[in-house]
Amino acid sequence: MPAPAIQLEHLSKRYGRVTALRDLSLEIAPGEVFGFLGLNGAGKTTTIRILLDLVRPTTGRAAVFGMDCQARGREVRSTLGYLPGEPGFYGDTTGEATLDLLGALSGDTINRRWRTTLLDRLELGAADLRRPLREYSTGMKRKLGIVQAFQADPALLVLDEPTEGLDPLMQEVFYGLVAEVRARGRTVFMSSHVLPEVERVCDRIGLVRGGELVLVSTVRDIRRLAGRRVRVSFADAVTPPARWPDGWEVIQVNPRDWDLNVHGALGDLAAMLAALPIVDLEVQIPHLEEILKTHYVDKAPA
Amino acid sequence: MRVLVLARHSFRRSAPIVIGTAIVLAGFQFMLTQVAVFLMRNQAFGLLASLIPPYVRAMAGPAMVAFMSFGGVVSLGYFHPIVLASLVGLAIAAGTEPAAEVETRFADLTLARPMARHEVITRSVIVLVVTIAALLAVMAAATWVGLACCTPATAQRPRFALIESLAVSLGAIVFCWGGIALAVAAGARRRATASGLTAVATLTAYLVDYLGRIWDPARLASRLSPFHYFEPMTIISGGAINIANLAVLGGIAVAGITVAYVRFSRRDL
């Protein structure tokens, strides 16, 4: 059985009196796209920096492909590409020099053809690359950041808020890149607070709040957990059942309209409605955003 | 070698300031050779010495006589406070680069690659040594050009060994402060903090040494200052370069670099 792409065991990190991470354990399989969610200051970036050995955990252990991030940091980092939340590019250096420098520091493992493909897709032309980075917009810097992270085609991509500052078209290009590297078996660990993005590209999500991992789930399961909103309209007034099946939540019931939240399979609902004069039936799958907002609000410490 | 890749990047970024400083210092050295020629032609060395107050002459001792000579004026550029400040300033700038990289988050990009943290410090040591050596070589070359091309044959030119000893002595004190800057920067999050602290320490040490030279009760305390071990006047008066002084300055630099390796490898970035 292959080692997990990422394995975090009881990670904690304290900065003086402030606890940034609390007993965080998590496993991510190779080939998975994992979304690491949380509000600002929740501990996402601290976790990423521990993976890169930029920050040392107070207790616990982090490993990448079975290698301890601290003891075998160089080997770990030779397997990954990293996009920081705020890439520290020097304004007096050109885009091309920056990519060359970071490529050389990666150990000359850069596939030039792949790099050209990335640049083409992200619409960073040769003229752009010859300009110093102080002339780049926020979006261009982000695109350059994506190229430097992907250019060595690493086995693991660690991306901190990857689409921050990208326009919608470039966000689409980015999602395409993630899908492509996933198809090649690469693992992606991305932090984000843009929920639709995570919902779209991730297989699983982890929700971190106040340094604690409060939820780990597949996107599919989390939707199932939240249930589906069902709205039924009838041609004539109908009598609602005296007792609703388990897992059904009544939001509003009128003689000609029912508004329900149904957890689990919809078979019972279909059977119940079969004998009734239905005019319209709407089944709404909830967005991750709504579910997680509820999770954040409902389970936040008072 | 990733260290050399990073060092090349640092050299490229610091080239304008280093080249600018080199031009100014070379011009200063050349100018001093011509000032010495002017004073010699006007037989003004004696006059210059008579303008110096007796207590200053008494304090400086025989070194003052050596200084008020053709060779002494030519050598001034190797211990002039402005030259010293320029070179120490550059050494502090080179030594505080790790703090700048943490501050700008450039370190996140470099250290997310298969680089060891000690390579960042090794890079700074390389930059420090090469920059100091290059500037001293340029200064010595400018002195030599000034003496070779535009000096009368009758002038008592200083021996090359004297210029070499002065340059080595100057290099040692500059390297010492570079090592201290590196030790401070290895634990700092901001370059301004690291360079500010080192600059204040440099100025304090300079004043402590100065005080020790002019006021007997402070003589013992002046031993704590690295400038106490920088004695160009002894070299100008014909003394050999003091190996013990070089060892102290080199030892401080090495200690600073060692502290930098340890602090940078243990800290959170």
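All values derive from a computational prediction rather than experimental measurement. All values below come from the heavy atoms of this structure, side chains included, with hydrogens, waters and symmetry mates left out. Chain identifiers are assigned alphabetically (A, B, ...) following the order of the sequence lines, protein sequences preceding nucleic acid strands; residue numbering begins at 1 within each chain.
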Self-check item: Over 12 foreign heavy atoms within 6.0 Å of CZ, A:R61
Solution: yes

Exercise. Determine whether B:L111 and A:L52 make a side-chain contact, defined as any pair of heavy atoms from C-beta on separated by less than 4.5 Å.
Key: no

Practice problem: Step through the shown structure and confirm whether more than 12 heavy atoms of other residues, nucleotides or ligands are within 6.0 Å of CZ on A:R113. | Solution: no

Quiz prompt | Minimum side-chain heavy-atom gap A:T93-B:R12 below 4.5 Å | solution = no

Practice problem: Determine whether B:L109 and A:Y82 make a side-chain contact, defined as any pair of heavy atoms from C-beta on separated by less than 4.5 Å. | Solution: no

Quiz item: What are the two closest heavy atoms between A:L54 and B:R117, and how far apart are they?
Solution: O-NH2, 3.2 Å

Using a 3.5 Å cut-off and no angle test, enumerate the donor-acceptor pairs between side-chain atoms of residues 37-44 of chain A and protein atoms at least two apart in sequence or in another chain.
from  : atom 1 : to    : atom 2 : distance (Å)
A:K44 : NZ     : A:G38 : O      : 2.7
A:K44 : NZ     : A:L39 : O      : 3.1

Quiz item: Should the heavy atoms of other residues, nucleotides or ligands under 6.0 Å from CG of B:L207 be counted, would the total exceed 12?
Solution: yes

Indicate every side-chain donor-acceptor pair of residues 262-269 of chain B with a distance under 3.5 Å to a residue at least two apart or in another chain.
from   : atom 1 : to     : atom 2 : distance (Å)
B:R263 : NH1    : B:A183 : O      : 2.8
B:S265 : OG     : B:Y261 : O      : 3.1
B:S265 : OG     : B:V262 : O      : 2.9
B:R267 : NH1    : B:A186 : O      : 3.1
B:R267 : NH1    : B:A188 : O      : 2.8
B:R267 : NH2    : B:A188 : O      : 3.2
B:D268 : OD1    : A:R56  : N      : 2.8
B:D268 : OD2    : A:K13  : NZ     : 2.5

Exercise. Return yes when atom CD1 of B:I17 has more than 12 non-hydrogen atoms of other residues, nucleotides or ligands closer than 6.0 Å, and no otherwise.
Key: no

Quiz item: With only heavy atoms counted, which part of B:E119 is less than 4.5 Å from chain A, the side chain, the backbone, both or neither?
Solution: side chain

Quiz item: CZ of B:R8 to CG of A:L101: how many Å apart, nearest 0.5 Å?
Solution: 8.5 Å

Quiz item: More than 12 foreign heavy atoms under 6.0 Å from CZ of A:R131: is that the case here?
Solution: yes

Self-check item: Residue pair B:R113 / A:R77, side-chain heavy-atom distance below 4.5 Å
Solution: no

Quiz item: Of the listed residues (B:M1, B:E101, B:R13), which shares the most heavy-atom pairs with chain A below a 4.5 Å separation?
Solution: B:R13

Exercise. Locate the shortest heavy-atom distance separating A:A104 from B:V5; write the atom from each residue and the value.
Key: CB-CG1, 3.8 Å

Exercise. Under 4.5 Å, counting heavy-atom pairs only, tell me which of A:L83, A:T79, A:L102, A:V55 racks up the most with chain B.
Key: A:L102

Quiz item: What's the spacing between A:S78 OG and B:M115 CE if we round to 0.5 Å?
Solution: 14.0 Å

Quiz prompt | Residue, of A:Q148, A:E75, A:E86, A:R74, that accumulates the most heavy atom pairs under 4.5 Å with chain B | solution = A:R74

Self-check item: ring-ring contact (aromatic ring centres under 6.0 Å, His included) partners of residues 87-114 of chain B, not counting sequence neighbours, each pair once
Solution: A:Y90-B:F106, B:H9-B:F106

Quiz item: Listed by residue number, which members of residues 17-33 of chain A have a heavy atom under 4.5 Å from any heavy atom of chain B?
Solution: none

